[in-house]
Amino acid sequence: MPKTFFITTAIDYTNSAPHIGHAYEKVLADVIARYHRLKDDNVFFLTGVDQHGQKVQQSAAKTGVPPSEFVKAITQKFAHLWKKLDVQYDEWAETTSDRHKQVVQGILQRLFDAGQIYNDKQAGYYSIRQEQFLTDKERNPDGQFGAEWGQVEFREEENYYFRLSQHKDWLLSYLDKRKDAVIPDFRQTELRNAVEKLSGDLCISRPKSRLDWGIELPFDEEFVTYVWFDALTNYISFAGYDAAHSTLNSQPSVFRDKWPALQIIGKDILVPAHGIYWLIMLHAIGFPDDQMPQLLVHGWWNLSGAKMSKSAGNIVDPSVLIEKYGSEALRYYLMSDIATGQDADFSEERLIERYNADLANSLGNLLNRTLNMAHRYRDGVVTKAGGDSPLARQAADLVREYNGVFGRFEVHAAISRLMEFTTTCNTYIEMSAPWKLAKDPERSDALDHMLFALAEALRVIAVLTSVILPSAARQICYQLNIRDEFRLADADWGGLPDKHHLGKPVPLFPRIETTEL
RNA sequence: GCCAGGGUAGCUCAGUGGUAGAGCAGGGGACUCAUAAGCCCUUGGUCGGGAGUUCGAAUCUCCCCCCUGGCACCA
């Protein structure tokens, strides 16, 4: 049985509504997942939501509903957005589900039995108003805690800790051994530097008196587990991992067939969450080095250079953009205007610019003018004539380069290759001047030859575009009057049958008119 | 303060030793199948600043400035 391509995204926190950064990550994962489906791989794409924790508990309390209801509403917003964006996942992770809870508790119990989790007391300053311990970061320059914290008292609290530092040397050696543990490579350097400075263990619990919206520790009912073992475990709990088996080999085949995963995360949660805590957790529960997940770290969309944040009031709501421009326009912009791993500036004007230039004027118009000419000159029937088309070679190059850049997750580069090919086709039309050929009966073959090649080129474009713009690709197929099932093998030149009858042209990407923004 | 990324044409970016590039925007042209789209040509940059290595530096070295992220310090 062939290995499954397993891809995950970070699970989103159900404390507030999704923004453009959430959408970017999921679309990126979706595009990579679709590329693997195109290659006929088995694909298991896991995404979901993180529903526990203090902020959820607080937000729920503020709106006067139980946490379970509060998260249900926000969860729906996320799920609804993914549907609108055509994000096609295979499994949906919700951390309040029973199967997840079982795995989390099973892992905690095993680590506790193995002495990897221990109980300890810690003392510090505690803000009663904010319900949290304060660190030195919260102090004012004069060393005092500001008035925003209300009454601050010295408190002692018992908690459970995971022996993180015990695995530091292992993590260093793992990172030295595996050069592509993290992509891009400069992120791996960043992680390596951070690990070297690692000291101390990881607090993994909260007493229920402070936080009860979480998963109870199996060995102490006075506590729930805090963040890490809850959220990070989703990557295996929803893939069929069984906590009762301590070695990977004894795991059920549903899990073994999938793992390890390619995990897509934002640069903000590489250090320490995924790069340190998660890798060490996996190591501690018995995952061998060659079964560690690969971390693909993406950058952020900034707004005029500034970080997007709720407090700055500059959140971009993806739902609004979808309503204004459509899902495909947003997908295209998010995939084309940022280099994987880098940051980019988000701009609605730029979205419109790229949509009009690439999709409407270049690709959409190529389809439209090709079909129009085929109907005008040949009643919609394209006929094989003459020898090889110059486009055939170009298309083969395109497919090769497309596969190359996708192997490196450079979706933006794949798009720019596609656009280059589209321009090649448009140039080819200008050079061949079919409107002149049509007036000369002696050059009838030349006209057939080029119309057929253009239709074939569009068929190839549809196949390759399908991972980025699934709906548009289907519409191209519909207009070409061919099957809208996509496989990479179909991107080879020569799939269009002789005497094929093309469908009617309908503008695929109507231009976005920019009277005023 | 430490680590990392970035500072290249109006905008978004590519380019890691050999005469400054792409897309978009701007300007001009020929055409007309097409979503007033497409195609061709073209304006435009002291490559953040300074010093150095070199026959030659956007590219290597050093210093400095600015932006971004992480970590630390600041009690």
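Per chain, numbering begins at 1; letters A, B, ... match sequence-line order.
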Visitor: Please identify each residue that fulfils side chain to side chain donor-acceptor pair (under 3.5 Å) with A/Thr423, with sequence neighbours left out.
Guide: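 Scan of A/Thr423 (side chain to side chain donor-acceptor pair (under 3.5 Å), adjacent residues dropped) gives none.
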
Visitor: In the strands shown, is B/G44 matched to any nucleotide by a Watson-Crick or G-U wobble pair with both distances under 3.5 Å, and which?
Guide: none

Visitor: Base, sugar-phosphate, or nothing: which does A/Leu366 touch, judged by heavy atoms less than 4.0 Å apart?
Guide: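 Since no nucleic acid heavy atom lies under 4.0 Å of A/Leu366, the category is nothing.
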
Visitor: Identify the pairs formed between an N or O of the protein and an N or O of nucleotides 30-33 of chain B at a distance under 3.5 Å, and give each distance.
Guide:
unit_1, atom_1, unit_2, atom_2, d
B/C33, O4', A/Tyr377, OH, 3.2
B/C33, O3', A/Arg376, NH2, 3.4
B/C33, O2, A/Arg369, NE, 3.2
B/C33, N3, A/Arg369, NE, 3.3
B/C33, N3, A/Arg369, NH2, 2.6
B/C33, N4, A/Arg369, NH2, 2.9

Visitor: Starting at NE2 of A/His298 and ending at P of B/G69, how long is that distance when rounded to a whole Å?
Guide: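 Rounded to the whole Å, the gap is 15 Å.
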
Visitor: Salt bridge or not between A/Arg350 and A/Asp345? Use side-chain N to carboxylate O under 4.0 Å.
Guide: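 Salt bridge absent between A/Arg350 and A/Asp345.
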
Visitor: Within this structure, what is the CG-CG distance for the pair A/Asp50 and A/Asn234, rounded to the nearest 0.5 Å?
Guide: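 If we round to the nearest 0.5 Å, A/Asp50:CG and A/Asn234:CG are 8.0 Å apart.
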
Visitor: Just say parallel, tilted or perpendicular for the rings of A/Tyr35 and A/Phe406, cut-offs at 30° and 60°.
Guide: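 If you compare the ring of A/Tyr35 with that of A/Phe406, the planes turn out parallel.
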
Visitor: Kindly indicate whether the side chain of A/Glu158, heavy atoms from C-beta on, has any atom under 4.5 Å from the side chain of A/Pro207.
Guide: no

Visitor: Does B/C55 pair with anything, Watson-Crick or G-U wobble, both distances under 3.5 Å, and if so, with which nucleotide?
Guide: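 B/G18 is the nucleotide pairing with B/C55.
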
Visitor: Return the value, rounded to whole Å, for the distance between atom CG of A/Leu191 and atom C1' of B/G69.
Guide: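 So the two atoms are 14 Å apart, to the nearest Å.
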
Visitor: Tell me yes or no: between the side chains of A/Tyr226 and A/Asn159, is some donor less than 3.5 Å from an acceptor?
Guide: no

Visitor: Sort me out a list of protein N/O and nucleotides 21-23 of chain B N/O pairs below 3.5 Å, or just none if empty.
Guide:
none

Visitor: What is the pairing partner of B/G69, taking Watson-Crick or G-U wobble pairs with both distances under 3.5 Å in any strand?
Guide: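 Paired with B/C3.
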
Visitor: Test for a donor-acceptor pair under 3.5 Å between the base of B/A34 and the side chain of A/Asn365, counting only N and O atoms.
Guide: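 Such a pair exists between side chain and base.
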
Visitor: Rounding to the closest angstrom, what is the interatomic distance between B/U43 and B/A9 at atom C1'?
Guide: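 Each nucleotide's C1' atom is 10 Å from the other's.
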
Visitor: Can you tell me how far P of B/A25 sits from CD of A/Glu349, to the nearest Å?
Guide: 13 Å

Visitor: For B/A34, what is the paired nucleotide under Watson-Crick or G-U wobble rules, both distances under 3.5 Å?
Guide: none

Visitor: Distance between the P atoms of B/A25 and B/G38, in whole angstroms?
Guide: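 Going atom to atom, P in each nucleotide, I get 8 Å.
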
Visitor: Roughly, in whole Å, what's the span from CZ in A/Arg192 to P in B/A4?
Guide: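 Going from CZ in A/Arg192 over to P in B/A4 covers 13 Å.
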
Visitor: Regarding A/His500 and A/Glu456, is there a side-chain donor-to-acceptor distance under 3.5 Å anywhere?
Guide: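 No donor-acceptor contact under 3.5 Å links the two side chains.
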
Visitor: Find which nucleotide of RNA chain B each of A/Asp268 and A/Ala360 is nearest to by heavy atoms, and output the residue with the more 5' nucleotide.
Guide: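 Here A/Ala360 is the residue nearer the 5' end.
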
Visitor: Mind checking if A/Ala374 touches a base, just sugar-phosphate, or nothing, with heavy atoms under 4.0 Å?
Guide: nothing

Visitor: Using whole Å, what does the distance between atom P of nucleotide B/C71 and atom NZ of A/Lys168 come to?
Guide: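 Result: 16 Å.
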
Visitor: Step through the shown structure and confirm whether more than 12 heavy atoms of other residues, nucleotides or ligands are within 6.0 Å of NZ on A/Lys179.
Guide: yes

Visitor: Look up atom CG in A/Leu359 and atom OH in A/Tyr333, then write down how far apart they are to the nearest 0.5 Å.
Guide: 13.5 Å

Visitor: With rounding to the closest Å, how many angstrom separate the P atoms on B/C66 and B/G49?
Guide: 15 Å

Visitor: Are any protein N/O atoms closer than 3.5 Å to N/O atoms in nucleotides 26-28 of chain B? If there are, list each pair with its distance.
Guide:
none

Visitor: If you assign each of A/Ala194 and A/Pro510 to its closest nucleotide in RNA chain B, which residue comes earlier from the 5' end?
Guide: A/Pro510

Visitor: Kindly check if the number of other-residue, nucleotide or ligand heavy atoms within 6.0 Å of CG (A/Asp180) is above 12?
Guide: yes

Visitor: Say you pick atom C1' in B/C2 and the same atom in B/A72; how far apart are they, in whole Å?
Guide: 7 Å

Visitor: Would you kindly say whether A/Thr225 and A/Asp230 are connected by a side-chain donor-acceptor distance under 3.5 Å?
Guide: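 Not at all, the side chains of A/Thr225 and A/Asp230 share no donor-acceptor pair under 3.5 Å.
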
Visitor: For atom CZ of A/Arg393, is the number of surrounding heavy atoms from other residues, nucleotides or ligands below 6.0 Å larger than 12?
Guide: no

Visitor: Roughly how many Å is it from CH2 in A/Trp301 to P in B/U12, rounded to a whole number?
Guide: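 That distance rounds to 12 Å.
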
Visitor: Distance check, C1' atoms only: B/A75 and B/C3, in whole angstrom units.
Guide: 25 Å

Visitor: Which one is paired to B/C11, where only Watson-Crick or G-U wobble pairs with both distances under 3.5 angstrom count?
Guide: B/G23

Visitor: A/Lys177: which residues meet the salt bridge (Lys or Arg N to Asp or Glu O under 4.0 Å) condition with it, sequence neighbours left out?
Guide: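 With sequence neighbours excluded, A/Lys177 shows a salt bridge (Lys or Arg N to Asp or Glu O under 4.0 Å) to A/Asp289, given in chain and number order.
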
Visitor: Distance between the C1' atoms of B/U16 and B/A58, in whole angstroms?
Guide: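 So the two C1' atoms sit 9 Å from each other.
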
Visitor: Taking the basic N atoms (NZ, or NE/NH1/NH2) and the acidic carboxylate oxygens, is any pair closer than 4.0 Å for A/Glu328 and A/Arg474?
Guide: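 The answer is no: the pair does not qualify as a salt bridge.
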
Visitor: Less than 3.5 Å apart, any donor N or O on the side chain of A/Ser347 or A/Arg354 sitting next to an acceptor on the other?
Guide: no

Visitor: Please determine whether a side-chain nitrogen or oxygen atom of A/Arg187 lies at a distance below 4.0 Å from atom OP1 or OP2 of B/A4.
Guide: no

Visitor: With 3.5 Å as the limit, what N/O pairs link the protein to nucleotides 1-3 of chain B?
Guide:
unit_1, atom_1, unit_2, atom_2, d
B/C3, O2', A/Asn193, ND2, 2.4

Visitor: In whole angstrom, what separates A/Ile512's CD1 from B/U35's P?
Guide: 18 Å

Visitor: Side chain of A/Phe186 only, please: which of B/C13, B/U68, B/G5 is the nearest?
Guide: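 Closest nucleotide to the A/Phe186 side chain: B/G5.
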
Visitor: If only side-chain N and O atoms count, and only distance matters, is there a donor-acceptor pair under 3.5 Å linking A/Ser471 with A/Gln475?
Guide: yes

Visitor: In whole Å, what separates the P atom of B/U46 from that of B/G70?
Guide: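 Approximately 35 Å lies between the P atom of B/U46 and that of B/G70.
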
Visitor: A/Leu359 has an atom CG; how far is it from atom C1' of B/A37, in whole Å?
Guide: 13 Å

Visitor: Give me the distance, rounded to whole Å, that separates B/G10 from B/G5 when you measure between the P atoms they each carry.
Guide: 27 Å

